[in-house]
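One structure below.
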Amino acid sequence: MTGTVTKGATAHHHHLLGRGVRVLAGHQNRCGTVEHGPDHRHMIPGALLVVLGFVFLGQGNASAAPMDSQHLLPAWTGLASLVLIVNNFLSYAGMEMNAVHVSSLQDPGKEYPKAMAMAVGLVLTIFIVPAVVISWVVPSKNLSLTAGVMQAFDGFFNHFDIGFLTPILGIMLVAAALGGMLTWLAGPSKGLLLIGRKEGYLPPILTRVNKHGVQQNMLVAQGIVTTLLALLYAFIPDVSSAYWILSVITTQVYLIMYVLMFVAAIRLRRNQPDHPRGYQAPALTALCGLGTAASIAAFLIGFVPPSQYGSGNALSYVLLIGGGMGVVGLLVPYLFLRFRKPGWKTDVPQEALA
């Protein structure tokens, strides 16, 4: 249950992982503004939820979930009870991107571990506390894979006779989600632009930029692909199941990348031990081995339908996850490599790098 409500409560919380690094570095973004601390879009709703929860219990109301030592750990119902852990891997996805800020630190050897520890502490706080608060007001049998946060706010607001705030808060959360999504829209397409032009992976029509250096054609293509993926909601009656399937497919692709990244890190350390690096992780082989084992375990567990999944049988679930992962994570990269052309290599305009 905790994994379910956590996913709904912190859909974009992994941005906090980079905040700790940027705080210590005094990092400036491309707009010239300095970023400080965790994102208020995630902290304010979480803090409000926690306050409402403590007031709710302080009035003598009973918790919907038992809060005694016997119920400290989730009930074991087989592998299906572990499947929600897979979504936690997706929540931490992107953590490796923070390595680009190491060069901004004055003493990476000391400051980078401190920054990451601070960021992880913030993330765990947002993971655990709001999830527990949600369980106080929403019974586990009624909990949705996607709407846990709104269910909790609706329950609290109705209890305090301010139910009219539910749609207002919903609009605010949607606006926050859209704001966070802008980062994911621009970031990956900028990376595709650079690698597409330098290595010739993409045709010129996709790597073309406008006068402002924006890869508009690629953004349009990205929007079309995203819309087609979103049509999955139209073919699966249960919205929670459709959301879960898309999340698991995304996580499976990420986990493939992480295994390759861990192997590459070990190989680079062995082949280029003296190469200057902003930060050199201690016991790299052990860390990568642990990460690889965890990624493989999560990858395998991802093919097990969760107990909340109510659409179809296990075989159709495995085929759907495997098919989606194969297309997105294996077929598409292979097609990029197979059909790249030397004539597609072009220089990256300076305005695109700004």
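Quick caveat: nothing in here was measured; it's all calculated off a predicted structure.
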Handout entry: Sub-4.5 Å side-chain heavy-atom contact between Thr166 and Phe156
Key = no

Exercise for the section: Please check if atom CD1 in Ile205 has more than 12 non-hydrogen atoms from other residues, nucleotides or ligands closer than 6.0 Å. Expected result: no

Handout entry: From Tyr334 atom OH to Phe339 atom CZ, the distance as rounded to the nearest 0.5 Å
Key = 7.0 Å

Handout entry: Minimum-distance pair of heavy atoms, taken over all atoms of Ala265 and Cys288
Key = CB-SG, 4.0 Å

Handout entry: Gln106, CD: over 12 other non-hydrogen atoms inside 6.0 angstrom
Key = no

Problem - Heavy-atom closest contact (Ser63 atom, Ser135 atom, distance) - result: OG-O, 4.1 Å

Fill in the blank from the handout: To the nearest 0.5 Å, atom CG of Asn61 lies from atom CZ of Phe56 at 4.0 Å

Exercise for the section: Could you walk me through whether Leu169 and Phe157 pass the side-chain contact (heavy atoms from CB on, under 4.5 Å) test, one step at a time? Expected result: CA-CA 10 Å; Leu169 185 74; Phe157 287 158; 4.0 Å; yes

Problem - Reported CD1-to-CZ distance for the pair Ile195 and Arg340, which is rounded to 0.5 angstrom - result: 9.0 Å

Practice task
Report yes if some heavy atom in the side chain of Leu202 is under 4.5 Å from a heavy atom in the side chain of Met218; otherwise report no.
Solution key: yes

Handout entry: Option from Lys198, Glu199, Arg197 for which side-chain contact (heavy atoms from CB on, under 4.5 Å) with Tyr201 holds
Key = Glu199

Practice task
May I ask you to decide if the ring planes of Phe262 and Tyr258 are parallel, tilted or perpendicular, using 30° and 60° as cut-offs?
Solution key: parallel

Practice task
Decide yes or no for Gln272 and Arg267: does some side-chain heavy atom of the first lie under 4.5 Å from some side-chain heavy atom of the second?
Solution key: no

Practice task
Please work out whether the ring planes of Phe54 and Trp136 are parallel, tilted or perpendicular, with thresholds of 30° and 60°.
Solution key: perpendicular

Practice task
Tell me whether Met261 is reachable from Tyr254 by hopping between hydrophobic residues (I, L, V, M, F, W, Y) whose side-chain heavy atoms are closer than 4.5 Å.
Solution key: yes

Handout entry: Beyond-backbone contact of Gln59 with His159, side-chain heavy atoms, under 4.5 angstrom
Key = yes

Handout entry: Side chain to side chain, Phe153 and Leu48, heavy atoms closer than 4.5 Å
Key = yes

Practice task
Side-chain contact test, heavy atoms from C-beta onward, threshold under 4.5 Å: evaluate it for Phe160 versus Val55 and give yes or no.
Solution key: yes

Exercise for the section: Would you give the length of the straight line joining atom CZ of Arg270 to atom CG of Leu284, rounded to the nearest 0.5 angstrom? Expected result: 9.5 Å

Exercise for the section: List the atom of Pro167, the atom of Gly163, and the distance in Å for their closest heavy-atom pair. Expected result: CD-O, 3.8 Å

Practice task
Compare every heavy atom of Ala152 with every heavy atom of Leu49, then report the nearest pair and how far apart it is.
Solution key: CD1-CB, 3.9 Å

Handout entry: Interatomic spacing from CG in Leu300 to CD in Gln252 - rounded to 0.5 Å
Key = 8.5 Å

Practice task
Answer with yes or no whether the hydrophobic clustering places Leu290 together with Met257; edges join I, L, V, M, F, W, Y residues whose side-chain heavy atoms lie under 4.5 Å apart.
Solution key: no

Exercise for the section: Look up atom CG in Leu255 and atom OG in Ser295, then write down how far apart they are to the nearest 0.5 Å. Expected result: 5.0 Å

Exercise for the section: List the atom of Gly196, the atom of Thr207, and the distance in Å for their closest heavy-atom pair. Expected result: C-CG2, 4.2 Å

Exercise for the section: Answer yes or no: are there more than 12 heavy-atom neighbours, outside Met67 itself, under 6.0 Å from its atom CE? Expected result: yes

Practice task
Indicate yes or no: at least one non-hydrogen side-chain atom of Val214 is less than 4.5 angstrom from one of Val209.
Solution key: no

Fill in the blank from the handout: Contacts of Asn217 meeting side chain to side chain donor-acceptor pair (under 3.5 Å) (sequence neighbours excluded), chain-then-number -> none

Handout entry: Heavy-atom side-chain proximity of Val129 to Thr125 below 4.5 angstrom
Key = yes

Completion exercise
Smallest heavy-atom separation, Pro204 atom then Trp344 atom, equals CD-CD1, 3.5 Å

